[in-house]
Amino acid sequence: MMNLEPIMDAVRRAAILCREVQRHHLGQSEKAGHEPVTIADYGSQAIINQAIRAAYPHDGIMAEENGKQFMELVLPEQRAQIAKLVSAVMGRVVTEADVYEWLDYADDAATERVWVIDPIDGTKGFLAMRHYVVAVGVLEAGQPTAAVMAAPAYPNTERGMMFYARDGKAYRLPLMATDGAEEVRATTYTDSAHVRVLESVEKSHASHDRMEKVRAYAGYLDSPFERVDSQEKYARIAAGDGELYLRLPRLHSTRGHSTWDHAAGAALIMAGGGKVTDIDGSPLDFTTGRVMTNNQGMIVSNGAIHERVLDAVGRVLAEEAANPQQ
Ligand code: AMP
Ligand code: MG
């Protein structure tokens, strides 16, 4: 049985760092480009990588950022700021050299078990004070088997929610609590009044038009509907706070989905009794490295409505095939 405690501790600290940056450094963004995101991204990844390497020294780590960029793209004063923030949330002195070293624990080496990290998922949401998560997934032979996810802006919470999945079960606890976890399950709702539908806020991330057609064909056009940033969408369905998350790329999009944008979410939803597949109903393929090159999109549901939604997706795909010039 895998002990996730040290990773949960790191993810909680990373979320505290993100909140700190969001509260006190975000105002600078207008004139300083993407600096606040940069600071929080590197800080969060360094903390999590360090914890994984300490607890699971033989496992692989796949993560979005790297040390070379930290040295080459981040201004010296920002690097100092990152080290200072990491020191504060870890409660020990951490130098820029430590941060640099920790960032590069991520190596993509082919190992049986790989930790997949998105230090801030939903960057646009983070910047706009909407939703974002700190996401850590575990892939074993390409299968999403465990996850730790901090959702600082989770609805109806004071300071956010922590989710984790392990041994086929999903749990949640208040983000700032260290005990009192409860098991969560996806719902069994199928009727349109109860099916809560989620999708990306950003039009560039997924096609709002295509997804509207799917909702119409599945009978969920008038259902409760919300646009939410980040993998919080997966967590909501795993925890019974949502039923359907559609992610259909814009037509002719050539941008693949990043593995770290889905590994943690997929582990959570599967452990919570929900379902995630590609848009053709096949399992998500996490075996292709950093980019999910075999993937056409994601259908995430409570399980109960999955077939019905796949049928609707199939109709949309058939129509598009019949009218290729769209
Ligand atoms: P969401 O908040 O659910 O829209 O997902 C945020 C993630 O979408 C970010 O971490 C990006 O890596 C990813 N992303 C950005 N553009 C695209 C795109 N065109 N297709 C798929 N994912 C994207
Ligand atoms: Mg992301």
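Values below: every heavy atom of this structure, side chains too, minus hydrogens, waters and symmetry copies. In each ligand, atom 1 is the first atom listed, and ligand 1 is the first ligand listed.
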Notebook entry, point to check: Considering only protein heavy atoms, which is closest to atom 5 (O) of ligand 1, and at what distance to one decimal place?
Noted result: Arg247 NH2, 3.3 Å
Next item on the list: Measure the distance from atom 16 (N) of ligand 1 to every protein heavy atom, then report the residue, atom name and distance (to 0.1 Å) of the closest one.
Entry: His205 CD2, 3.2 Å
Next item on the list: Work out whether the distance between some heavy atom of Pro249 and some atom of ligand 1 is less than 4.0 Å.
Entry: no
Notebook entry, point to check: What is the closest protein heavy atom to atom 13 (C) of ligand 1, and at what distance does it sit?
Noted result: Asp261 OD2, 3.3 Å
Notebook entry, point to check: So is Ser253 in contact with ligand 1, going by heavy-atom distances below 4.0 Å?
Noted result: no
Next item on the list: Quick one: look up the protein heavy atom nearest atom 2 (O) of ligand 1 and list residue, atom name and how far away it is.
Entry: Ser230 N, 2.6 Å
Notebook entry, point to check: Counting from 1, what ligand 1 atoms have a heavy atom of Ser204 closer than 4.0 Å?
Noted result: 18 (C), 19 (N)
Check: Centres of the Phe163 and Tyr154 rings: under 6.0 Å?
Finding: yes
Next item on the list: Check if His131 has a non-hydrogen atom at a distance under 4.0 Å from any atom of ligand 1.
Entry: no
Margin query: Can you tell me which N/O/S atom of Asp118 has the shortest distance to the Mg ion (ligand 2)?
Written below: OD2
Check: Can you tell me the angle formed at the Mg ion (ligand 2) by OD1 of Asp261 and OD1 of Asp121, to 10°?
Finding: 90°
Item checked: Interfacing atoms of ligand 1 (cut-off 4.0 Å, heavy-atom, Asp229) -> 2 (O)
Note to self: Using 0.5 Å steps for rounding, measure from the OG1 atom of Thr123 to the CG atom of Asp121.
What the structure shows: 7.0 Å
Next item on the list: Give the ring-plane orientation class for His262 versus Tyr234, where under 30° counts as parallel, over 60° as perpendicular and anything between as tilted.
Entry: perpendicular
Check: Should you measure from each heavy atom of Asp121, which atoms of ligand 1 turn up under 4.0 Å away?
Finding: 6 (C), 7 (C), 10 (O)
Item checked: Reported CZ-to-NE2 distance for the pair Arg53 and His58, which is rounded to 0.5 angstrom -> 10.0 Å
Note to self: I need the atoms of ligand 1 closer than 4.0 Å to a non-hydrogen atom of His257, numbered in the order shown.
What the structure shows: 21 (C), 22 (N)
Next item on the list: Would you mind reporting whether Ile269 and Ile237 have side-chain heavy atoms less than 4.5 Å apart?
Entry: yes
Next item on the list: Determine the interplanar angle of the Phe126 and Tyr132 rings, folded into 0 to 90°, and report it as parallel if under 30°, tilted if 30 to 60°, perpendicular if over 60°.
Entry: perpendicular
Checklist line | Donor + acceptor pair across side chains of His306, Ser301 (<3.5 Å) | finding: yes
Notebook entry, point to check: Is any side-chain heavy atom of Asp280 less than 4.5 Å from a side-chain heavy atom of Gln296?
Noted result: no
Item checked: Nearest neighbour in protein (non-hydrogen) for atom 3 (O) of ligand 1 -> Lys233 NZ, 2.5 Å
Check: What is the nearest protein non-hydrogen atom to atom 14 (N) of ligand 1, stated with its residue, atom name and distance?
Finding: Arg255 NH1, 3.4 Å
Checklist line | Interatomic distance, Gln143 atom CD to Met270 atom CE [nearest 0.5 angstrom] | finding: 5.5 Å
Next item on the list: State, yes or no, whether a side-chain contact exists between Met149 and Val136 at a heavy-atom distance under 4.5 Å.
Entry: no
Next item on the list: Within a distance under 4.0 Å of any heavy atom of Ser200, pick out the atoms of ligand 1 and give their elements.
Entry: 1 (P), 3 (O), 4 (O)
